[in-house]
Amino acid sequence: RDYSCAGWRHHRDGTSVIRRVAFSKAIVAGVAGALAWELLVRGFVLAGVPLFDLVYVLGTLMVGDASPWAWWPAGVALHAVVGTVWATFYAYFFWSTFEWSPALQGAVFAICPAILAGLVMLPHIGFMHPFVLSGRLPPIGMFALGSGWGGPVTDAVGHLAYGVVMGALYTRPVGYAVSRRAGARG
């Protein structure tokens with residue numbers, strides 16, 4: 001089945017092209033990017049580096065005061081869903097816009113979700129998280145500054161890892177090269 005979405009887009013040379021999003025590839029790329037974030041940050045957290053633990057915050061927001069066997073998969077799942085949404089935006093609006101390597105395109109794109117997460121999402125999670133409201137966790141704040149220097153570092157490094165992996169995986173989403181004739185081999 002073709003689960004792609006087509007829309008008109010103008011190429012930089014002025015010609016009109018149809019932009020197609022391969023949703024299954026965007027989902028895989030988004031999940032993989034979110035997992036790359038988690039593996040990178042989790043390694044540092046387990047090593048004692050005081051980074052902001054987004055998966056812990058998301059997981060405990062969903063399941064409350066539970067063991068890591070409950071909050072970790074819940075947090076990873078929620079973060080993976082958000083990763084797929086951003087990968088879909090990347091696929092439709094950003095992919096192949098620049099003549100850069102896919103990993104670089106993904107890294108540059110990830111600046112947008114990093115800024116939005118830092119300015120909007122992280123402070124708002126703090127406004128509703130029961131652990132923050134009860135004083136068990138410090139206020140999260142913009143760019144997770146409530147957790148110290150590790151908050152902004154986690155936002156930047158995590159989104160960089162996400163963008164590189166997501167961009168590297170979302171390549172050649174559908175069809176064939178424009179320069180190749182339909183039906184030609186190679």
Side-chain angles (χ1 to χ4, degrees), residues 25-91 94 100-171:
K25 288 184 181 185
I27 290 168
V28 168
V31 168
L35 290 176
W37 166 312
E38 171 56 12
L39 291 174
L40 177 66
V41 172
R42 182 67 44 213
F44 282 114
V45 167
L46 291 174
V49 178
L51 295 182
F52 176 69
D53 194 345
L54 178 64
V55 168
Y56 172 78
V57 170
L58 293 174
T60 55
L61 180 64
M62 292 176 53
V63 299
D65 193 12
S67 77
W69 295 106
W71 64 254
W72 187 82
V76 167
L78 184 55
H79 199 217
V81 168
V82 172
T84 64
V85 171
W86 278 110
T88 303
F89 279 112
Y90 169 81
F94 205 81
W100 303 338
S101 73
L104 178 60
Q105 282 189 75
V108 171
F109 170 80
I111 293 169
C112 182
I115 291 171
L116 285 173
L119 292 175
V120 179
M121 190 274 302
L122 291 170
H124 282 86
I125 286 179
F127 297 151
M128 63 183 169
H129 199 293
F131 291 1
V132 174
L133 297 175
S134 69
R136 184 170 165 184
L137 285 177
I140 296 171
M142 290 196 313
F143 295 97
L145 280 167
S147 64
W149 64 266
V153 168
T154 303
D155 188 39
V157 171
H159 279 99
L160 177 64
Y162 167 80
V164 167
V165 170
M166 184 267 308
L169 291 177
Y170 191 84
T171 60

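Fair warning: this is a prediction, and the values are worked out from it, not measured in the lab.
- Taking both residues in full, the closest heavy atoms of Gly33 and Tyr162 are given as C-CD1, 3.3 Å, listed atom of the first, atom of the second, then distance.
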side-chain contact (heavy atoms from CB on, under 4.5 Å) between Phe143 and Leu119, worked out: CA-CA 6 Å; Phe143 295 97; Leu119 292 175; 3.5 Å; yes

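- The number of heavy-atom neighbours closer than 6.0 Å to CZ of Phe44, taken from other residues, nucleotides and ligands shown, is 12 or below.
- At least one side-chain heavy atom of Leu61 sits under 4.5 Å from a side-chain heavy atom of Pro130.
- For the residue pair Ala87 and Ala26, the shortest heavy atom distance occurs at CB-O, 3.2 Å.
- Counting non-hydrogen atoms of other residues, nucleotides and ligands closer than 6.0 Å to CZ of Phe131 gives a total above 12.
- Residues Leu169 and Ala32 approach most closely at CD1-CB, 3.3 Å, considering heavy atoms.
- Ring geometry for Phe109 versus Phe94: interplanar angle of 30 to 60°, hence tilted.
- Each of Val41, Leu40, Leu39, Leu35 was compared with Trp37 under the side chain to side chain contact (heavy atoms under 4.5 Å, CB included) criterion, and only Val41 meets it.
- Residue Ile125 holds its CD1 atom at 6.0 Å from CD1 of Ile140, rounded to the nearest 0.5 Å.
- Taking CH2 from Trp72 and CG from Asp53, the interatomic distance works out to 11.0 Å, rounded to the nearest 0.5 Å.
- How far NZ of Lys25 is from OG1 of Thr171: 6.5 Å, rounded to the nearest 0.5 Å.
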Candidate pair Met121 and Val82, rule side-chain contact (heavy atoms from CB on, under 4.5 Å), full reasoning: CA-CA 11 Å; Met121 190 274 302; Val82 172; over 6 Å; no

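- Expressed to the nearest 0.5 Å, how far CG of Leu137 lies from OH of Tyr56 amounts to 5.5 Å.
- Residues Gln105 and Tyr90 meet the side-chain proximity criterion, which asks for heavy atoms closer than 4.5 Å.
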Show me the side-chain donor-acceptor pairs of residues 149-157 shorter than 3.5 Å, one per line, residues at least two apart or across chains.
residue: Thr154; atom: OG1; partner: Phe52; partner atom: N; Å: 2.9
residue: Thr154; atom: OG1; partner: Gly150; partner atom: O; Å: 2.6
residue: Asp155; atom: OD1; partner: His159; partner atom: ND1; Å: 3.0

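- No more than 12 heavy atoms of other residues, nucleotides or ligands shown are found within 6.0 angstrom of CE on Met142.
- Here the closest non-hydrogen pair linking Gly167 and Pro102 is O-CB, 3.1 Å.
- Between atom CG of residue Leu58 and atom CH2 of residue Trp71 there is a gap of 10.5 Å, rounded to the nearest 0.5 Å.
- Within the structure, every pair that satisfies the side-chain hydrogen bond (donor to acceptor under 3.5 Å, both in side chains) test and touches residues 107-135, not counting sequence neighbours, is listed here: Thr60-His129.
- Nearest heavy atoms, Leu160 versus Ala107: CD1-CB, 3.8 Å.
- Nearest heavy atom pair, residue Ala110 against residue Gly163, reads CB-CA, 3.8 Å.
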